[in-house]
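Working notes for the structure below.
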Protein chains: 2
Amino acid sequence: MTDTGGQRRNATLADIAAELDLHPSTVSRALDPAKAAMVKAPTRRRIVETADRLGYRPNLAAKGLKEGRTATIAVIAADLGNPWVTPIIHGLTSRMTSSGSVPVIAETGDDSSTLAALLDHMVARRVDAIVVLAARRADREIIEATSRLVPTVVAARPLEDIGVPVVRERSRLGGRLLAEHFAELGHRRVAQLRGPEEVLNFPNRAEGFSARASEMGLEEATPRLVAARPTIDEGSRLMDELLDRGPLPTAVFAHNDLLAVGAVAALRRRAQSVPDDVSVAGYNDMPLTEHLDPALTTVRFPGWQVGHEAATVALSLAAGEPRFGDVALDPEFVPRRSTAPPRE
Amino acid sequence: MTDTGGQRRNATLADIAAELDLHPSTVSRALDPAKAAMVKAPTRRRIVETADRLGYRPNLAAKGLKEGRTATIAVIAADLGNPWVTPIIHGLTSRMTSSGSVPVIAETGDDSSTLAALLDHMVARRVDAIVVLAARRADREIIEATSRLVPTVVAARPLEDIGVPVVRERSRLGGRLLAEHFAELGHRRVAQLRGPEEVLNFPNRAEGFSARASEMGLEEATPRLVAARPTIDEGSRLMDELLDRGPLPTAVFAHNDLLAVGAVAALRRRAQSVPDDVSVAGYNDMPLTEHLDPALTTVRFPGWQVGHEAATVALSLAAGEPRFGDVALDPEFVPRRSTAPPRE
DNA sequence: GCCGACGATGCAATCGCTTGCAAGGCGATC
DNA sequence: GATCGCCTTGCAAGCGATTGCATCGTCGGC
């Protein structure tokens, strides 16, 4: 059990310079690949040698102060506990580290004032860019305001008419795909378990679904069921409400997989079979969805790609490249076992 | 569609000072709650007023350079795509932000040289502490070396005889709990699908399981099945191998839930029922495990708490408090439907 | 043999903020 | 009314690295 209390102070350019009786600037140049040629080879060798004898690590904070960049990008999520964000963060991280930047992560808990505080904090940190995964409708202005100070990207959860680049899925298309699926299976009476209206993906999915549903002659059950948060519990609650109110639709579109899982659980508790009594479809195809009971019919939200693209946009904005258009990625319909033709 | 190209330069202390014909140091004091009292009230008011008229945000990078701290803590995970890490990161983040620090996240892909490079990078960043979630046996030395430069904590995946604090679960206990469960159900012949030996949780779980199993008179099937990585695919592969080699055990302990999911899938493909033909237990109780098909018997790995504790230790080390002992958290047995008594 | 040029290194300012110390001004004390 | 001391503000150094410019020495050319 060695003692770890005493951390060694990190060596600085000045330390190396002093040791070799050189000037820090010479050491700086010798250690900068782009400028190493300016330093005579033997000197350079001595510098490099003492540098790693002393375990020199350049102080990126100092470098960042001088250069006005920090090589970090802020990522602001709504709820890190939601499996949905995992692939997004994964995609973001892998793109960023491949270019020497690093994500700093924070979480809003879907609270607008927390978001505001975090944005402020990230501005203070002088991150090179900010990726907002937690956007709600009401947050438009504050995000725009922030974007005037730091390049900002809105990703995963889109915002409309906003003056910052957006990386998003085509939510309406996803909704349409599910409406078609229900229609093709022969359902006539369908319902939606809606996610919070504040998160634009949900009303957009709803819109696509309703539009296509009515085109195809489907009837939507009346009670408008809106979840306070997109969670399993809320899915159960909405489904219970649906079960309590009059005639049950034969197919239900839950606006995300968690709501769908909750809905299935509620149906089970009321001795309804999925998909025999009621078909249930989710949305996102979050990890493990395929192994759920029953394997959930869903629409794949391209999370990894959204993260990857968002990072790409953020990095290029940070590099001062001009803003370019939004990125919209196609979701993909994934049929599984939780949907089936209606009884008889 | 407003133009976002031109970011405004952030105001500095000097800007405010110039505007009011004061010295930057006075402004600095006025804006520091701890020193605000040193500044005459009317002056302070004028300062605060122009500060937020100019949208002043202190440059944390500069502040960090001066103070020798960055208010960031590095978190190094093995695979951000693994649902297992989600709660850990969640716990870490929530603890950190509640104290003004922020996590920067990176991923090793379980590659030791990547880990080495990342540790180096984080040292260069002068993060206040490092939390390593990606430790493998072979990484002990490099982690110890790093810990001499930056306070370091190993969490989630433990390492033995290492000179840095460890926050871990009691893996042996978890293994024992499952052995007991199998014995109590009446199984006699059991098997393990092992995770990589390099990740100590797995051999420790194995050890606890085997020890208790032999105490209770269980017999372990012979082929030693070790996954190259703890993934669903590897679980299937190992299970196929087990199915191909001689007599099938009646209960299988997969070292994590992903392996278990893969094992269940493989059994299904071979027309074996879980739990009727074979009981399968996993480990971790990762999110959604309870909604899998079948609901997985498992041992709950206290991920959120491990993250939370690891952050606590990291923060206190960063604050210069002396190192204290390791933290070991108890896992909890969670019986569900994937295990049952053996046939007849 | 002298001068210009170039190659190698040093110097000093700078990024933005913090902080110990100095200094100026004022009220209080004797 | 002079002195002491406190209250408020200014000054300047310094955190660690970068970089334009100055400087010094040497080499080559004529």
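Residue numbers begin at 1 in each chain, while the letters A, B, ... track the order of the sequences.
- Looking at A/S101 and A/S99, their side chains never bring a donor and an acceptor atom within 3.5 Å of each other.
- Nearest-nucleotide assignment on DNA chain D puts the 5′-proximal partner with B/S25, out of A/D32 and B/S25.
- Taking the side chain of A/A62 as heavy atoms from C-beta on, and the options C/dT9, D/dG16, D/dG10, the nearest nucleotide is D/dG16.
- At whole-Å resolution of the value, NZ in B/K66 and P in C/dT14 are 18 Å apart.
- Between the side chain of A/R125 and the base of C/dG16, no donor-acceptor pair under 3.5 Å is found.
- Between the side chain of B/T50 and the backbone N or O of B/R46 there is at least one donor-acceptor pair closer than 3.5 Å.
- Atom P of nucleotide C/dT19 and atom CG of B/L31 are separated by 14 Å, given to the nearest angstrom.
- You'll find that the side chain of A/T43 is closest to C/dT9, out of C/dT18, D/dG10, C/dT9.
- With D/dT18, C/dT9, C/dG16 as the choices, the nucleotide that has an atom nearest any side-chain atom of A/K63 turns out to be D/dT18.
- Nearest-nucleotide mapping onto DNA chain C: of A/A41 and B/T12, the residue sitting toward the 5' end is A/A41.
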Show, in sequence, the C-alpha distance, side-chain angles and deciding distance for B/R95 and B/T312, and conclude whether the side-chain contact (heavy atoms from CB on, under 4.5 Å) test is met.
CA-CA 7 Å; B/R95 176 69 182 81; B/T312 303; 3.0 Å; yes
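- If you measure from atom CD1 of B/I47 to atom P of D/dT8, you get 12 Å, rounded to the nearest angstrom.
- Set against D/dG16, D/dG10, C/dT18, the side chain of A/N59 has D/dG16 as its closest nucleotide.
- With the nearest nucleotide of DNA chain C identified for both B/R57 and B/R29, B/R57 has the one nearer the 5' end.
- Computed from coordinates, the B/H23 NE2 to C/dT18 P distance equals 14 Å when rounded to whole Å.
- The distance from atom CZ of A/R9 to atom C1' of D/dG14 is 13 Å, rounded to the nearest whole Å.
- The nearest whole Å value for the distance from the CG atom in B/D15 to the P atom in C/dG16 is 8 Å.
- A donor atom on one side chain and an acceptor atom on the other are not found under 3.5 Å apart for A/D110 and A/T108.
- When the nucleotides C/dT9, C/dC17, D/dA17 are ranked by their closest atom to the side chain of A/Y56, D/dA17 comes out on top.
- Look at CG on A/L60: it is 13 Å from C1' on D/dT18, rounded to the nearest Å.
- Shortest non-hydrogen contact noted between B/A36 and B/A30 is CB-O, 3.7 Å.
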In sequence, state the C-alpha distance, the side-chain angles, and the governing distance for B/H308 and B/L92, and then conclude on side-chain contact (heavy atoms from CB on, under 4.5 Å).
CA-CA 5 Å; B/H308 201 263; B/L92 276 162; over 6 Å; no
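- Relative to the side chain of A/M38, the nucleotides C/dT9, D/dT18, D/dA12 differ in distance, and C/dT9 lies closest.
- Within 4.0 Å (heavy atoms only), B/L22 reaches sugar-phosphate atoms of the nucleic acid but no base atom.
- With C/dC17, D/dG16, C/dT9 as the choices, the nucleotide that has an atom nearest any side-chain atom of A/K40 turns out to be C/dT9.
- Across all strands shown, B/N10 has no heavy atoms under 4.0 Å from either base or sugar-phosphate atoms.
- Rounded to an integer number of Å, the gap from NZ of B/K35 to C1' of C/dC17 is 11 Å.
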